[in-house]
Protein chains: 2
Amino acid sequence: MSTREIRQTLFAQFAAVADALAHGSRLALLELLAQGERDVETLSGLLGVSVASTSQHLQRLKHAGLVSARRDGRRRIYRLASDEVSALVLNIGKVAEACLASVEKIVNQQLRAQDEWPPVSTDELATLSARRAVIIVDVRPAEEYAAAHLPGAVNIPLEALRRKMSRLPREREIVVYCRGPYCLLALDAMRMLRRHHYRVRRLEESVPDWRRAGLPVETGPGSVRHARA
Amino acid sequence: MSTREIRQTLFAQFAAVADALAHGSRLALLELLAQGERDVETLSGLLGVSVASTSQHLQRLKHAGLVSARRDGRRRIYRLASDEVSALVLNIGKVAEACLASVEKIVNQQLRAQDEWPPVSTDELATLSARRAVIIVDVRPAEEYAAAHLPGAVNIPLEALRRKMSRLPREREIVVYCRGPYCLLALDAMRMLRRHHYRVRRLEESVPDWRRAGLPVETGPGSVRHARA
DNA sequence: TTAACATTCAACTAATAAATTGAATATTAT
DNA sequence: ATAATATTCAATTTATTAGTTGAATGTTAA
(Lines give C-alpha, C1' and ligand atoms only; values in the text may rest on other atoms or scores of the structure.)
Protein backbone atom coordinates (compact mmCIF):
# COMPACT_ATOMS: atom_id res chain seq x y z
CA MET A 1 0.00 0.00 0.00
CA SER A 2 1.61 3.22 -1.15
CA THR A 3 1.90 6.33 0.93
CA ARG A 4 -0.55 8.08 -1.36
CA GLU A 5 -3.08 5.27 -1.12
CA ILE A 6 -2.86 5.24 2.65
CA ARG A 7 -3.49 8.97 2.82
CA GLN A 8 -6.44 8.76 0.46
CA THR A 9 -7.96 5.82 2.28
CA LEU A 10 -7.60 7.53 5.63
CA PHE A 11 -9.18 10.78 4.51
CA ALA A 12 -11.95 8.91 2.74
CA GLN A 13 -12.76 7.15 6.01
CA PHE A 14 -12.67 10.43 7.91
CA ALA A 15 -15.05 11.81 5.31
CA ALA A 16 -17.37 8.88 6.01
CA VAL A 17 -17.53 9.98 9.64
CA ALA A 18 -18.25 13.56 8.62
CA ASP A 19 -20.87 12.27 6.21
CA ALA A 20 -22.64 10.48 9.03
CA LEU A 21 -22.77 13.78 10.92
CA ALA A 22 -24.00 15.75 7.93
CA HIS A 23 -27.69 15.84 8.80
CA GLY A 24 -29.54 17.85 11.40
CA SER A 25 -31.59 14.91 12.62
CA ARG A 26 -28.53 12.74 13.07
CA LEU A 27 -26.77 15.41 15.09
CA ALA A 28 -29.88 15.76 17.22
CA LEU A 29 -29.94 11.98 17.67
CA LEU A 30 -26.33 12.03 18.86
CA GLU A 31 -27.13 14.80 21.34
CA LEU A 32 -29.94 12.66 22.73
CA LEU A 33 -27.85 9.49 22.82
CA ALA A 34 -25.10 11.37 24.61
CA GLN A 35 -27.49 11.50 27.58
CA GLY A 36 -27.92 7.74 27.65
CA GLU A 37 -29.12 4.79 25.59
CA ARG A 38 -32.59 4.89 24.04
CA ASP A 39 -34.86 2.79 21.85
CA VAL A 40 -35.93 3.81 18.37
CA GLU A 41 -39.51 4.78 19.13
CA THR A 42 -38.55 7.08 22.00
CA LEU A 43 -35.92 8.77 19.89
CA SER A 44 -38.44 9.16 17.10
CA GLY A 45 -40.83 10.86 19.51
CA LEU A 46 -38.25 13.18 21.06
CA LEU A 47 -37.05 14.13 17.61
CA GLY A 48 -40.43 14.55 15.98
CA VAL A 49 -39.39 12.39 13.04
CA SER A 50 -41.08 9.22 11.72
CA VAL A 51 -39.95 5.89 13.15
CA ALA A 52 -38.80 4.60 9.77
CA SER A 53 -36.75 7.70 9.16
CA THR A 54 -35.27 7.61 12.65
CA SER A 55 -34.37 3.95 12.20
CA GLN A 56 -32.58 4.68 8.96
CA HIS A 57 -30.64 7.57 10.43
CA LEU A 58 -29.60 5.37 13.34
CA GLN A 59 -28.43 2.72 10.94
CA ARG A 60 -26.28 5.21 9.10
CA LEU A 61 -24.74 6.30 12.39
CA LYS A 62 -24.14 2.67 13.26
CA HIS A 63 -22.55 1.97 9.92
CA ALA A 64 -20.15 4.85 10.56
CA GLY A 65 -19.34 3.30 13.94
CA LEU A 66 -20.65 6.27 15.92
CA VAL A 67 -23.35 4.29 17.73
CA SER A 68 -23.94 0.66 18.57
CA ALA A 69 -27.16 -1.26 19.08
CA ARG A 70 -28.38 -4.11 21.21
CA ARG A 71 -31.69 -5.91 21.53
CA ASP A 72 -33.85 -5.68 24.61
CA GLY A 73 -36.98 -7.75 24.14
CA ARG A 74 -38.71 -6.43 21.09
CA ARG A 75 -36.95 -3.08 21.36
CA ARG A 76 -33.63 -2.14 19.90
CA ILE A 77 -31.53 0.06 22.13
CA TYR A 78 -29.01 2.39 20.57
CA ARG A 79 -26.10 3.93 22.40
CA LEU A 80 -23.18 6.20 21.62
CA ALA A 81 -20.00 4.32 20.68
CA SER A 82 -17.95 6.71 22.80
CA ASP A 83 -18.16 10.00 24.66
CA GLU A 84 -15.67 11.28 22.11
CA VAL A 85 -18.52 11.37 19.64
CA SER A 86 -20.43 13.93 21.68
CA ALA A 87 -17.24 15.97 22.01
CA LEU A 88 -17.03 15.95 18.23
CA VAL A 89 -20.59 17.21 17.89
CA LEU A 90 -19.78 20.06 20.29
CA ASN A 91 -16.66 20.80 18.29
CA ILE A 92 -18.70 21.11 15.12
CA GLY A 93 -21.02 23.51 16.92
CA LYS A 94 -18.10 25.56 18.10
CA VAL A 95 -16.66 25.82 14.59
CA ALA A 96 -20.08 26.65 13.19
CA GLU A 97 -20.36 29.47 15.71
CA ALA A 98 -16.92 30.75 14.79
CA CYS A 99 -17.32 30.42 11.03
CA LEU A 100 -20.97 30.96 10.16
CA ALA A 101 -22.33 34.42 10.90
CA SER A 102 -25.90 33.09 10.82
CA VAL A 103 -25.15 30.63 13.61
CA GLU A 104 -23.24 33.15 15.66
CA LYS A 105 -26.25 35.46 15.42
CA ILE A 106 -28.75 32.84 16.53
CA VAL A 107 -26.57 31.71 19.39
CA ASN A 108 -25.97 35.24 20.63
CA GLN A 109 -29.49 36.54 20.21
CA GLN A 110 -31.52 33.49 21.12
CA LEU A 111 -29.32 31.61 23.55
CA ARG A 112 -26.68 33.82 25.11
CA ALA A 113 -28.94 36.86 25.38
CA GLN A 114 -31.16 34.94 27.79
CA ASP A 115 -28.25 34.69 30.16
CA GLU A 116 -28.33 37.92 32.12
CA TRP A 117 -25.42 36.51 34.06
CA PRO A 118 -22.66 34.50 32.48
CA PRO A 119 -22.97 30.71 32.70
CA VAL A 120 -21.42 28.94 35.68
CA SER A 121 -18.14 27.21 34.94
CA THR A 122 -17.45 23.63 35.98
CA ASP A 123 -14.82 24.78 38.48
CA GLU A 124 -17.09 27.39 40.01
CA LEU A 125 -19.88 24.86 40.36
CA ALA A 126 -17.58 22.46 42.20
CA THR A 127 -16.80 25.17 44.75
CA LEU A 128 -20.39 26.32 45.15
CA SER A 129 -21.65 22.77 45.37
CA ALA A 130 -19.10 21.77 47.99
CA ARG A 131 -20.33 24.39 50.43
CA ARG A 132 -23.98 23.75 49.55
CA ALA A 133 -24.37 27.30 48.27
CA VAL A 134 -26.51 26.28 45.30
CA ILE A 135 -29.22 23.88 44.26
CA ILE A 136 -28.40 22.03 41.06
CA VAL A 137 -31.45 21.29 38.95
CA ASP A 138 -31.36 18.81 36.07
CA VAL A 139 -34.26 19.69 33.77
CA ARG A 140 -33.92 16.74 31.40
CA PRO A 141 -36.51 13.95 31.19
CA ALA A 142 -36.42 11.45 34.06
CA GLU A 143 -34.84 8.68 31.94
CA GLU A 144 -31.85 10.82 31.11
CA TYR A 145 -31.42 11.88 34.72
CA ALA A 146 -31.58 8.24 35.75
CA ALA A 147 -28.93 7.23 33.22
CA ALA A 148 -26.46 9.75 34.65
CA HIS A 149 -26.60 13.08 36.42
CA LEU A 150 -24.34 15.48 38.23
CA PRO A 151 -23.65 14.61 41.87
CA GLY A 152 -26.25 16.18 44.11
CA ALA A 153 -28.49 17.38 41.30
CA VAL A 154 -32.25 17.06 41.66
CA ASN A 155 -34.37 16.17 38.66
CA ILE A 156 -37.23 18.44 37.69
CA PRO A 157 -38.03 17.86 34.01
CA LEU A 158 -38.95 21.06 32.26
CA GLU A 159 -42.56 20.00 31.79
CA ALA A 160 -42.91 19.47 35.55
CA LEU A 161 -41.15 22.65 36.54
CA ARG A 162 -44.21 24.88 36.76
CA ARG A 163 -45.87 22.42 39.11
CA LYS A 164 -42.87 21.67 41.27
CA MET A 165 -41.22 25.05 41.32
CA SER A 166 -42.65 25.96 44.70
CA ARG A 167 -40.43 23.35 46.36
CA LEU A 168 -37.34 25.29 45.45
CA PRO A 169 -36.19 27.71 48.16
CA ARG A 170 -35.75 31.28 47.00
CA GLU A 171 -32.84 31.96 49.36
CA ARG A 172 -30.36 29.78 47.55
CA GLU A 173 -29.14 30.35 44.06
CA ILE A 174 -30.20 27.75 41.49
CA VAL A 175 -28.00 26.28 38.77
CA VAL A 176 -29.83 24.55 35.93
CA TYR A 177 -28.39 22.31 33.25
CA CYS A 178 -29.72 20.18 30.42
CA ARG A 179 -28.17 18.26 27.53
CA GLY A 180 -25.50 20.73 26.57
CA PRO A 181 -24.91 24.17 25.11
CA TYR A 182 -27.30 23.66 22.20
CA CYS A 183 -30.15 22.20 24.22
CA LEU A 184 -32.78 24.75 25.08
CA LEU A 185 -34.42 23.10 28.08
CA ALA A 186 -32.24 24.93 30.59
CA LEU A 187 -32.95 28.26 28.91
CA ASP A 188 -36.69 27.74 29.10
CA ALA A 189 -36.33 26.70 32.73
CA MET A 190 -34.23 29.75 33.51
CA ARG A 191 -36.76 32.06 31.94
CA MET A 192 -39.59 30.51 33.90
CA LEU A 193 -37.73 30.62 37.21
CA ARG A 194 -36.64 34.22 36.70
CA ARG A 195 -40.25 35.25 36.15
CA HIS A 196 -40.87 33.89 39.59
CA HIS A 197 -37.95 35.83 41.05
CA TYR A 198 -35.56 33.01 41.56
CA ARG A 199 -31.86 33.66 41.28
CA VAL A 200 -30.80 31.22 38.60
CA ARG A 201 -27.81 30.62 36.39
CA ARG A 202 -26.99 28.04 33.78
CA LEU A 203 -24.25 25.43 33.53
CA GLU A 204 -23.06 25.14 29.93
CA GLU A 205 -21.36 21.81 30.40
CA SER A 206 -23.40 18.70 30.66
CA VAL A 207 -23.16 15.09 31.68
CA PRO A 208 -21.10 13.84 28.71
CA ASP A 209 -18.56 16.66 29.22
CA TRP A 210 -18.50 16.06 32.95
CA ARG A 211 -17.84 12.35 32.46
CA ARG A 212 -15.29 12.95 29.73
CA ALA A 213 -13.42 15.22 32.13
CA GLY A 214 -13.14 12.26 34.48
CA LEU A 215 -15.52 13.74 37.05
CA PRO A 216 -17.94 11.41 38.83
CA VAL A 217 -21.60 11.13 37.86
CA GLU A 218 -24.44 9.60 39.81
CA THR A 219 -27.04 7.23 38.43
CA GLY A 220 -30.52 6.21 39.50
CA PRO A 221 -34.02 7.70 39.47
CA GLY A 222 -35.07 10.92 41.19
CA SER A 223 -36.27 10.62 44.78
CA VAL A 224 -39.89 9.62 45.39
CA ARG A 225 -40.24 12.58 47.72
CA HIS A 226 -39.69 14.89 44.81
CA ALA A 227 -41.82 12.89 42.45
CA ARG A 228 -44.92 13.03 44.68
CA ALA A 229 -47.42 15.79 44.15
CA MET B 1 -38.91 31.96 16.52
CA SER B 2 -39.95 28.94 18.56
CA THR B 3 -37.62 26.85 20.66
CA ARG B 4 -38.10 23.96 18.28
CA GLU B 5 -37.33 26.06 15.22
CA ILE B 6 -34.19 27.43 16.81
CA ARG B 7 -32.96 23.95 17.61
CA GLN B 8 -33.68 22.69 14.11
CA THR B 9 -32.04 25.69 12.48
CA LEU B 10 -28.95 25.33 14.62
CA PHE B 11 -28.51 21.65 13.95
CA ALA B 12 -29.16 22.15 10.25
CA GLN B 13 -26.34 24.70 10.19
CA PHE B 14 -24.05 22.36 12.10
CA ALA B 15 -24.90 19.70 9.55
CA ALA B 16 -23.85 22.11 6.80
CA VAL B 17 -20.41 22.32 8.39
CA ALA B 18 -20.20 18.53 8.62
CA ASP B 19 -21.34 18.33 5.01
CA ALA B 20 -18.49 20.57 3.93
CA LEU B 21 -16.09 18.17 5.66
CA ALA B 22 -17.67 15.09 4.13
CA HIS B 23 -15.24 14.52 1.30
CA GLY B 24 -11.71 13.16 1.36
CA SER B 25 -10.33 15.83 -0.94
CA ARG B 26 -11.81 18.63 1.14
CA LEU B 27 -10.31 17.23 4.33
CA ALA B 28 -6.96 16.97 2.56
CA LEU B 29 -7.37 20.58 1.39
CA LEU B 30 -7.96 21.69 4.95
CA GLU B 31 -4.88 19.83 6.13
CA LEU B 32 -2.84 21.67 3.50
CA LEU B 33 -4.40 25.05 4.25
CA ALA B 34 -3.72 24.54 7.95
CA GLN B 35 -0.02 24.90 7.03
CA GLY B 36 -0.56 28.27 5.38
CA GLU B 37 -2.44 30.01 2.58
CA ARG B 38 -2.17 28.66 -0.95
CA ASP B 39 -3.48 29.36 -4.45
CA VAL B 40 -5.78 27.00 -6.32
CA GLU B 41 -3.27 25.63 -8.80
CA THR B 42 -0.74 24.70 -6.13
CA LEU B 43 -3.41 22.99 -4.06
CA SER B 44 -4.57 21.14 -7.13
CA GLY B 45 -1.02 19.92 -7.74
CA LEU B 46 -0.38 18.87 -4.13
CA LEU B 47 -3.69 17.06 -4.05
CA GLY B 48 -3.46 15.41 -7.45
CA VAL B 49 -6.94 16.61 -8.37
CA SER B 50 -8.00 18.69 -11.38
CA VAL B 51 -8.01 22.47 -11.03
CA ALA B 52 -11.73 22.75 -11.72
CA SER B 53 -12.53 20.14 -9.12
CA THR B 54 -10.20 21.73 -6.59
CA SER B 55 -11.80 25.11 -7.22
CA GLN B 56 -15.24 23.71 -6.62
CA HIS B 57 -14.23 21.99 -3.42
CA LEU B 58 -12.68 25.23 -2.20
CA GLN B 59 -15.85 27.09 -2.97
CA ARG B 60 -17.87 24.63 -0.95
CA LEU B 61 -15.52 25.09 1.97
CA LYS B 62 -15.80 28.83 1.56
CA HIS B 63 -19.57 28.66 1.44
CA ALA B 64 -19.50 26.79 4.75
CA GLY B 65 -17.29 29.51 6.18
CA LEU B 66 -14.34 27.20 6.80
CA VAL B 67 -11.97 29.03 4.47
CA SER B 68 -11.74 32.54 3.05
CA ALA B 69 -10.24 33.79 -0.19
CA ARG B 70 -8.43 36.86 -1.43
CA ARG B 71 -7.04 37.91 -4.78
CA ASP B 72 -3.35 38.28 -5.44
CA GLY B 73 -2.82 39.33 -9.03
CA ARG B 74 -4.37 36.68 -11.20
CA ARG B 75 -4.18 34.12 -8.43
CA ARG B 76 -6.77 33.46 -5.78
CA ILE B 77 -5.34 32.67 -2.39
CA TYR B 78 -7.33 30.54 0.01
CA ARG B 79 -6.76 30.36 3.72
CA LEU B 80 -8.28 28.66 6.73
CA ALA B 81 -10.94 30.73 8.46
CA SER B 82 -9.54 29.71 11.85
CA ASP B 83 -7.14 27.27 13.48
CA GLU B 84 -10.22 25.77 15.11
CA VAL B 85 -11.03 24.24 11.75
CA SER B 86 -7.85 22.19 11.75
CA ALA B 87 -8.60 21.11 15.31
CA LEU B 88 -11.96 19.89 14.07
CA VAL B 89 -10.36 17.86 11.30
CA LEU B 90 -8.05 16.23 13.86
CA ASN B 91 -11.05 15.54 16.06
CA ILE B 92 -12.77 13.74 13.21
CA GLY B 93 -9.65 11.68 12.70
CA LYS B 94 -9.54 10.81 16.36
CA VAL B 95 -13.16 9.69 16.39
CA ALA B 96 -12.63 7.73 13.18
CA GLU B 97 -9.72 5.94 14.85
CA ALA B 98 -11.82 5.18 17.90
CA CYS B 99 -14.96 4.11 16.04
CA LEU B 100 -13.92 2.56 12.75
CA ALA B 101 -11.92 -0.64 13.03
CA SER B 102 -10.64 -0.23 9.47
CA VAL B 103 -9.11 3.14 10.34
CA GLU B 104 -7.66 1.92 13.60
CA LYS B 105 -6.01 -0.92 11.70
CA ILE B 106 -4.46 1.33 9.06
CA VAL B 107 -3.23 3.82 11.64
CA ASN B 108 -1.68 1.13 13.82
CA GLN B 109 -0.16 -0.96 11.06
CA GLN B 110 0.89 1.69 8.60
CA LEU B 111 1.59 4.72 10.77
CA ARG B 112 2.20 3.79 14.39
CA ALA B 113 4.11 0.60 13.58
CA GLN B 114 6.83 2.70 11.91
CA ASP B 115 7.49 4.36 15.22
CA GLU B 116 9.89 2.06 16.99
CA TRP B 117 9.91 4.62 19.78
CA PRO B 118 6.85 6.53 20.88
CA PRO B 119 6.39 10.01 19.40
CA VAL B 120 7.88 12.96 21.24
CA SER B 121 5.38 15.01 23.21
CA THR B 122 5.20 18.77 22.96
CA ASP B 123 6.41 19.15 26.55
CA GLU B 124 9.31 16.78 26.06
CA LEU B 125 10.34 18.61 22.92
CA ALA B 126 10.37 21.92 24.78
CA THR B 127 12.79 20.48 27.33
CA LEU B 128 15.03 18.79 24.78
CA SER B 129 15.03 21.84 22.57
CA ALA B 130 15.91 24.20 25.40
CA ARG B 131 19.16 22.37 26.13
CA ARG B 132 19.91 21.87 22.44
CA ALA B 133 19.74 18.10 22.85
CA VAL B 134 17.95 17.56 19.54
CA ILE B 135 17.78 18.83 16.01
CA ILE B 136 14.25 19.63 14.89
CA VAL B 137 13.66 18.93 11.21
CA ASP B 138 10.62 20.25 9.36
CA VAL B 139 10.14 18.03 6.30
CA ARG B 140 7.31 20.01 4.70
CA PRO B 141 7.73 21.95 1.43
CA ALA B 142 9.64 25.22 1.73
CA GLU B 143 6.51 27.38 1.37
CA GLU B 144 4.86 25.78 4.37
CA TYR B 145 8.01 26.13 6.45
CA ALA B 146 8.19 29.78 5.44
CA ALA B 147 4.58 30.41 6.45
CA ALA B 148 5.22 29.13 9.98
CA HIS B 149 7.52 26.64 11.65
CA LEU B 150 8.54 25.54 15.10
CA PRO B 151 11.21 27.72 16.76
CA GLY B 152 14.66 26.47 15.89
CA ALA B 153 13.51 23.94 13.31
CA VAL B 154 15.48 23.54 10.08
CA ASN B 155 13.65 22.90 6.85
CA ILE B 156 14.61 19.86 4.79
CA PRO B 157 11.70 18.99 2.52
CA LEU B 158 11.30 15.25 2.16
CA GLU B 159 12.32 15.29 -1.50
CA ALA B 160 15.60 17.00 -0.57
CA LEU B 161 16.33 14.79 2.40
CA ARG B 162 18.42 12.15 0.60
CA ARG B 163 20.67 14.87 -0.80
CA LYS B 164 20.97 16.93 2.37
CA MET B 165 20.99 14.20 4.97
CA SER B 166 24.76 14.23 5.30
CA ARG B 167 24.60 17.66 6.91
CA LEU B 168 22.82 16.23 9.91
CA PRO B 169 25.15 15.18 12.74
CA ARG B 170 24.72 11.60 13.88
CA GLU B 171 25.58 12.41 17.51
CA ARG B 172 22.40 14.31 18.23
CA GLU B 173 18.94 12.85 18.18
CA ILE B 174 16.67 14.14 15.44
CA VAL B 175 13.01 15.04 15.82
CA VAL B 176 11.01 15.27 12.60
CA TYR B 177 7.58 16.73 12.07
CA CYS B 178 5.28 17.42 9.13
CA ARG B 179 1.67 18.55 8.74
CA GLY B 180 0.15 16.53 11.52
CA PRO B 181 -0.65 13.01 12.66
CA TYR B 182 -2.19 11.98 9.33
CA CYS B 183 0.55 13.39 7.12
CA LEU B 184 3.05 10.77 6.06
CA LEU B 185 6.04 12.96 5.20
CA ALA B 186 7.60 12.60 8.63
CA LEU B 187 7.19 8.83 8.54
CA ASP B 188 8.95 8.56 5.20
CA ALA B 189 11.68 10.83 6.51
CA MET B 190 12.04 8.75 9.65
CA ARG B 191 12.35 5.54 7.67
CA MET B 192 15.01 7.03 5.44
CA LEU B 193 17.03 8.44 8.32
CA ARG B 194 16.87 5.20 10.28
CA ARG B 195 18.27 3.31 7.30
CA HIS B 196 21.25 5.60 7.60
CA HIS B 197 21.58 4.95 11.30
CA TYR B 198 20.31 8.21 12.62
CA ARG B 199 18.51 8.30 15.93
CA VAL B 200 15.18 9.87 15.03
CA ARG B 201 11.79 10.30 16.58
CA ARG B 202 8.61 11.95 15.43
CA LEU B 203 6.58 14.83 16.81
CA GLU B 204 2.88 14.14 16.39
CA GLU B 205 1.80 17.71 16.90
CA SER B 206 2.29 20.22 14.18
CA VAL B 207 2.30 23.94 13.52
CA PRO B 208 -1.48 24.49 13.78
CA ASP B 209 -1.61 22.64 17.12
CA TRP B 210 1.45 24.46 18.34
CA ARG B 211 -0.06 27.83 17.47
CA ARG B 212 -3.44 26.90 18.85
CA ALA B 213 -1.76 26.05 22.16
CA GLY B 214 -0.49 29.62 22.26
CA LEU B 215 3.13 28.61 21.66
CA PRO B 216 5.28 30.84 19.45
CA VAL B 217 6.06 29.98 15.84
CA GLU B 218 8.71 31.43 13.57
CA THR B 219 8.19 32.58 10.01
CA GLY B 220 10.50 33.14 7.07
CA PRO B 221 12.39 30.99 4.54
CA GLY B 222 15.07 28.45 5.41
CA SER B 223 18.67 29.67 5.62
CA VAL B 224 20.64 30.13 2.39
CA ARG B 225 23.44 28.07 3.89
CA HIS B 226 21.12 25.11 4.05
CA ALA B 227 19.64 25.77 0.66
CA ARG B 228 22.99 25.76 -1.16
CA ALA B 229 24.41 22.54 -2.53
C1' DT C 1 -50.31 -20.99 17.53
C1' DT C 2 -51.65 -16.76 16.95
C1' DA C 3 -51.83 -11.80 17.63
C1' DA C 4 -49.56 -7.68 18.76
C1' DC C 5 -45.64 -4.97 18.63
C1' DA C 6 -41.00 -2.67 17.51
C1' DT C 7 -38.04 -2.35 14.06
C1' DT C 8 -36.09 -3.02 9.64
C1' DC C 9 -36.29 -3.74 4.70
C1' DA C 10 -37.53 -2.81 -0.16
C1' DA C 11 -39.22 0.04 -3.60
C1' DC C 12 -40.08 4.51 -5.17
C1' DT C 13 -39.68 9.71 -5.97
C1' DA C 14 -37.43 13.97 -5.71
C1' DA C 15 -33.38 16.31 -4.61
C1' DT C 16 -28.44 16.92 -4.26
C1' DA C 17 -23.49 15.90 -5.14
C1' DA C 18 -19.07 14.74 -7.79
C1' DA C 19 -16.29 14.85 -11.72
C1' DT C 20 -15.63 16.30 -16.45
C1' DT C 21 -15.73 19.34 -20.27
C1' DG C 22 -15.59 23.65 -22.60
C1' DA C 23 -16.85 28.47 -22.28
C1' DA C 24 -16.64 32.81 -19.61
C1' DT C 25 -14.38 36.21 -16.51
C1' DA C 26 -10.85 38.97 -14.62
C1' DT C 27 -6.14 40.22 -14.19
C1' DT C 28 -1.44 40.89 -15.88
C1' DA C 29 2.13 41.20 -19.46
C1' DT C 30 3.20 42.43 -24.25
C1' DA D 1 -5.65 46.69 -27.54
C1' DT D 2 -4.35 41.90 -27.38
C1' DA D 3 -2.61 37.62 -25.69
C1' DA D 4 -1.73 34.75 -21.85
C1' DT D 5 -2.99 33.05 -17.46
C1' DA D 6 -5.64 31.63 -13.20
C1' DT D 7 -9.88 30.75 -11.82
C1' DT D 8 -14.73 30.27 -12.02
C1' DC D 9 -19.07 29.16 -14.26
C1' DA D 10 -22.46 26.32 -16.76
C1' DA D 11 -23.97 22.13 -18.48
C1' DT D 12 -23.84 17.28 -18.42
C1' DT D 13 -23.71 12.51 -16.63
C1' DT D 14 -23.81 9.43 -12.97
C1' DA D 15 -24.42 8.32 -8.34
C1' DT D 16 -26.09 9.01 -3.75
C1' DT D 17 -29.45 10.64 -0.29
C1' DA D 18 -33.88 11.76 2.36
C1' DG D 19 -38.34 10.71 3.16
C1' DT D 20 -42.53 7.90 2.42
C1' DT D 21 -45.18 3.78 2.06
C1' DG D 22 -46.30 -0.89 2.80
C1' DA D 23 -44.46 -5.43 3.49
C1' DA D 24 -41.26 -8.47 6.10
C1' DT D 25 -38.75 -9.91 10.33
C1' DG D 26 -38.20 -11.27 14.90
C1' DT D 27 -39.75 -11.05 19.64
C1' DT D 28 -43.15 -11.26 23.38
C1' DA D 29 -47.78 -12.06 25.29
C1' DA D 30 -52.26 -14.35 24.99
Side-chain angles (χ1 to χ4, degrees), chain A residues 4 8-9 11-30 32-33 36-79 143, chain B residues 4 7-9 11-30 32-33 37-79 143:
Chain A
R4 184 182 203 88
Q8 285 192 344
T9 309
F11 279 125
Q13 299 282 289
F14 295 176
V17 169
D19 212 29
L21 300 171
H23 194 285
S25 301
R26 288 197 291 270
L27 290 172
L29 279 171
L30 292 176
L32 289 172
L33 290 173
E37 56 181 23
R38 288 286 206 178
D39 64 287
V40 180
E41 196 166 41
T42 308
L43 290 167
S44 159
L46 289 168
L47 224 64
V49 162
S50 77
V51 172
S53 204
T54 303
S55 170
Q56 279 161 200
H57 282 307
L58 286 166
Q59 284 171 78
R60 285 206 56 183
L61 290 171
K62 189 178 169 209
H63 194 233
L66 303 182
V67 307
S68 61
R70 69 183 171 82
R71 259 218 131 87
D72 174 42
R74 61 182 70 164
R75 293 194 161 80
R76 195 171 284 272
I77 314 285
Y78 282 88
R79 65 185 306 171
E143 293 84 0
Chain B
R4 184 181 204 86
R7 200 195 63 173
Q8 285 193 343
T9 310
F11 279 125
Q13 300 281 291
F14 295 176
V17 169
D19 212 29
L21 300 171
H23 193 285
S25 301
R26 288 198 290 270
L27 290 172
L29 279 171
L30 293 175
L32 289 172
L33 290 172
E37 56 181 24
R38 289 286 205 177
D39 64 285
V40 180
E41 197 166 41
T42 307
L43 290 167
S44 158
L46 289 168
L47 224 65
V49 162
S50 77
V51 172
S53 205
T54 304
S55 170
Q56 279 162 200
H57 283 308
L58 287 166
Q59 282 171 79
R60 286 206 56 184
L61 290 171
K62 190 180 168 204
H63 192 76
L66 303 181
V67 307
S68 61
R70 67 182 170 83
R71 258 219 133 85
D72 173 44
R74 62 181 70 163
R75 294 193 161 79
R76 195 171 283 271
I77 314 286
Y78 281 88
R79 65 185 305 171
E143 294 82 1

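Predicted model, so just to flag it, every value in this text is computed and none were measured. Computed from heavy atoms alone, side chains included, the values below leave out hydrogens, waters and symmetry copies.
Here the CG-CG distance, from A:Leu21 to A:Leu29, works out to 11.5 Å after rounding to the nearest 0.5 Å. The distance from atom CG of B:Leu61 to atom OG of B:Ser25, rounded to the nearest 0.5 Å, is 10.0 Å. The CG atom of B:Leu66 lies 13.0 Å from the OH atom of B:Tyr78; values are rounded to the nearest 0.5 Å. Between A:Leu47 atom CG and B:Phe11 atom CZ the span is 9.0 Å, to the nearest 0.5 Å.
With sequence neighbours left out, B:Thr42 forms a side-chain hydrogen bond (donor to acceptor under 3.5 Å, both in side chains) with B:Asp39. With sequence neighbours excluded, the residues that form a salt bridge (charged side-chain N to carboxylate O under 4.0 Å, His left out) with A:Arg79 are A:Glu37. B:Ser55 meets the side-chain contact (heavy atoms from CB on, under 4.5 Å) test with B:Val40, B:Gln59; sequence neighbours excluded. Every residue two or more places apart in sequence or in another chain was checked for a side-chain hydrogen bond (donor to acceptor under 3.5 Å, both in side chains) with B:Glu143, and none qualifies. Under the rule for a salt bridge (charged side-chain N to carboxylate O under 4.0 Å, His left out), B:Arg76 has no partner lying at least two apart in sequence or in another chain. The side-chain hydrogen bond (donor to acceptor under 3.5 Å, both in side chains) test applied to B:Arg7 returns no partner, not counting sequence neighbours.
Proximity of B:His57 to the phosphate of C:dA17: no side-chain N or O atom is located under 4.0 Å from OP1 or OP2. Within the 4.0 Å cut-off from OP1 or OP2 of D:dA6, not a single side-chain nitrogen or oxygen of B:Tyr78 is found. In terms of phosphate contacts, A:Gln59 brings a side-chain nitrogen or oxygen within less than 4.0 Å of OP1 or OP2 of C:dC9. For the OP1/OP2 pair of C:dA19 and a distance below 4.0 Å, the side-chain nitrogens and oxygens of B:Ser53 include at least one atom meeting the criterion.
Residue-to-nucleotide proximity on DNA chain D shows that, of A:Gln56 and B:Ala69, the 5′-proximal contact is made by B:Ala69.
Of the candidates C:dT8, D:dT7, C:dT21, the closest approach to any side-chain atom of B:Ala52 belongs to C:dT21.
Annotation: proximity of residues 43-50 of chain A to DNA chain D (heavy atom, distance under 4.0 Å) is found for A:Ser50, numbered in ascending order. Of the residues in residues 13-29 of chain A, not one comes within less than 4.0 Å of DNA chain C through any heavy atom.
For A:Ser44 (side chain) and A:Val49 (main-chain N/O), a donor-acceptor pair under 3.5 Å exists by modelled atom type. Here the side chain of B:Arg26 pairs a donor or acceptor atom with the backbone of B:Ala20 at under 3.5 angstrom.
The nearest whole Å value for the distance from the NZ atom in B:Lys62 to the P atom in D:dT7 is 13 Å. A straight line from CZ of B:Arg75 to C1' of D:dT5 spans 9 Å, rounded to a whole angstrom. Rounded to a whole Å, the CG atom of B:Asp39 is 14 Å from the C1' atom of C:dT27. Here the C1' atom of nucleotide D:dT17 and the CG atom of A:Leu61 are 14 Å apart, to the nearest Å. In this structure, B:Arg38 atom CZ and D:dA6 atom C1' are separated by 16 Å, rounded to whole Å. Rounded to an integer number of Å, the gap from A:Arg60 CZ to C:dC9 C1' is 16 Å. The CD-P distance, from A:Glu41 to C:dT7, rounds to 6 Å in whole Å. Between the NE2 atom of B:His63 and the C1' atom of D:dC9 there is a distance of 16 Å, given to the nearest Å.
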Can you pull every protein N or O that's under 3.5 Å from an N or O on nucleotides 26-30 of chain D?
unit_1	atom_1	unit_2	atom_2	d
D:dT28	O2	A:Arg74	NH2	3.2

List every contact pair, protein side and nucleotides 12-15 of chain C side both N or O, where the distance is under 3.5 Å.
none

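For residues 45-58 of chain B, no pair satisfies salt bridge (Lys or Arg N to Asp or Glu O under 4.0 Å), with sequence neighbours left out. Pairs passing the salt bridge (Lys or Arg N to Asp or Glu O under 4.0 Å) check and including a residue from residues 53-69 of chain B, sequence neighbours excluded, read B:Asp19-B:Arg60.
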